[in-house]
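Working notes, beginning with the structure itself.
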Amino acid sequence: MATSCVETLTSVANTADGLILETLTWRKRLEFYVNQKRIVVDDAQPHQTLLWFLRTKLGLTGTKLGCGEGGCGACTVVVAHLERNTGRVLHRTVNACLAPLCSVDGQSVITVEGIGTSQAPHPVQQRIADCHGSQCGFCTPGIVMSLYGLLSKNNKPSLAELETAFDGNLCRCTGYRPILDAAKTFAHDKETCPSTPLGFECSHPRPCQEGDANVCSTTSAAISSVEATFATAANVPFPKALSETHSSALLKVEGSRVTWYRPDSLAVLLALKKSFPQAKLVAGNSEVGIETKFKMVDYPVMISTAAVPELHELAFGNNGSLNVGGAVTLTDLEHHLEHFLAEHKLSTASGMRAMLDMIRWFASVQIRNVAVLAGNIVTASPISDLIPVLMALDAKLVMASACNGPREVLVCDFLKSYRVVELKPDEVLCSVHVPAPDLPNGVYEFVRSYKQAKRRDDDISIVNACLRVQLEPTANGWTVLHVRAVFGGMAATTKRAKHAEAAFLGQPWGQATLDSAL
């Protein structure tokens, strides 16, 4: 841990140790917007979800309850907020079935009712109808909002970006083809869509007979049948009042079952954990929401980390090391890695590529938009997708408390047993530090991550792995200088294959060494 980091966290911890929470001015009611209408809730219940509030209190039943655990996308809405340090309005799709009602305080929620009506549909809605992308219609509002959410950030997406936007939406009726046809009318590179499968070319405008089957119209034909323009996909305006006013981030909502705190600094967060050591920290609620809803786990005190600026640090050091704050979402990390890799050679950033590859298959867009790396680590699932990568890269965790200040632990030492970690009740995981590879001249590093699941998108791993090797050139070929082989889903915690690592170390790189190691 850098000296400056230690000094900063020590200072924050000392401040937290002397804080008296009762002297702080806490805001007690929720204020947010839904479809540009101001909503004030004086009697909010922190255990209730945004979906429950939309449907039960506001009568906005277009947003559906499907799986209830963030897996089907039927409850997708768009949440917009103002990024104070840049002045940008950021839009993100979220699962309303998991989002705590208290989490949208100070933000703007947009539902399917807010972007268009049957008399005046939004272009997204119109395209899906024109391309026959809805049958039973139950999943359609969520699909509409996923596409709208993407276009809110980028009105000229690529075909690949459009497909990724739907990785958290399931549909049991359409087979997805007409939905994707409708979405791809907004793509800037739609002319690259395939016309007909190889060997089935046909000059006729209608489907051709091929034996006993009809060759249906292709994606290219379906897209060309709809007049597609970019300018018509307009955003719902961000409420002016949210841009002009700045309510206190300090929030305390006392409900019948749960008290919700939202601190505005790391010092206040550490002071809260000192006073309530059994309190549950909440970021994306993707794990806690499942525990409280399906496992009937009660957390009387919940603390949101969303408004703690110190936990949003995300930066590469001059030497290529990476620091990820405890409240950085997986989407933000994904984009940061993409920008880094675009500017650096893969030979020097193989580990970051492996991390990015794994994030791409982590849950769904809606989950990645709210879930944080620190939460995935503390949850300590044996099938965590990112822990194998972090262990292979020798990542370290920086923790702090009001009583004891900061300390640093390797990820491999953090996991004690099934879902049990090296984190004291009053401690907070402040950041994750991924060191830069220490490569002597002439040494090459290769890192690869792997995930096997029942389906490609939006699914948990059956087994996963991250393999890392550093090779040094010698007169007789390549020699293994350093190796890590980490596997998830094979035991109660993520494990290193230490015997295999020892068999590789110092040996020539080749099939004979591989055979002996296995």
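Along the sequence shown, the residues carry numbers beginning at 1.
A donor-acceptor pair under 3.5 Å links the side-chain atoms of K293 to the main chain of C97, judged by distance alone. Side chain of T185 to main chain of D181: no donor-acceptor pair is present (N/O by atom type, distance under 3.5 Å, no hydrogens or angles). Judged by distance alone, with hydrogens and angles left aside, the side-chain atoms of H312 form a donor-acceptor pair with the main-chain N or O of A306 at under 3.5 Å. Judged by distance alone, with hydrogens and angles left aside, the side-chain atoms of S11 form no donor-acceptor pair with the main-chain N or O of E7 at under 3.5 Å.
T329 and N369 are not linked by any side-chain donor-acceptor pair at a separation below 3.5 angstrom, with hydrogens and angles left out of the test. For the 3.5 Å distance criterion, the side chains of S431 and N323 fail to qualify, holding no donor opposite an acceptor.
Between Q45 and W52, every side-chain heavy-atom pair lies at or beyond the 4.5 Å cut-off. The shortest distance between side-chain heavy atoms of L170 and R172 falls below 4.5 Å.
Ring centroid separation for the pair H91 and Y148 does not come in under the 6.0 Å cut-off. Taking the centre of each ring, F166 and Y176 stay at or above the 6.0 Å mark.
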Please walk me through it: do D458 and R368 pass salt bridge (Lys or Arg N to Asp or Glu O under 4.0 Å)?
-> CA-CA 10 Å; D458 195 16; R368 295 195 295 271; over 6 Å; no
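Screening T93, T331, N169 for a side chain to side chain donor-acceptor pair (under 3.5 Å) with Q366, the sole residue that qualifies is N169. Paired with R262 under the rule side-chain contact (heavy atoms from CB on, under 4.5 Å), one option of D105, V282, L250 passes, and it is D105.
The 12-atom threshold is exceeded at NE2 of H335, counting heavy atoms of other residues, nucleotides or ligands nearer than 6.0 Å.
The pair R419-E287 meets the salt-bridge criterion, since a charged nitrogen lies less than 4.0 angstrom from a carboxylate oxygen. A salt bridge links D167 with R360; the closest basic N to acidic carboxylate O contact falls under 4.0 Å.
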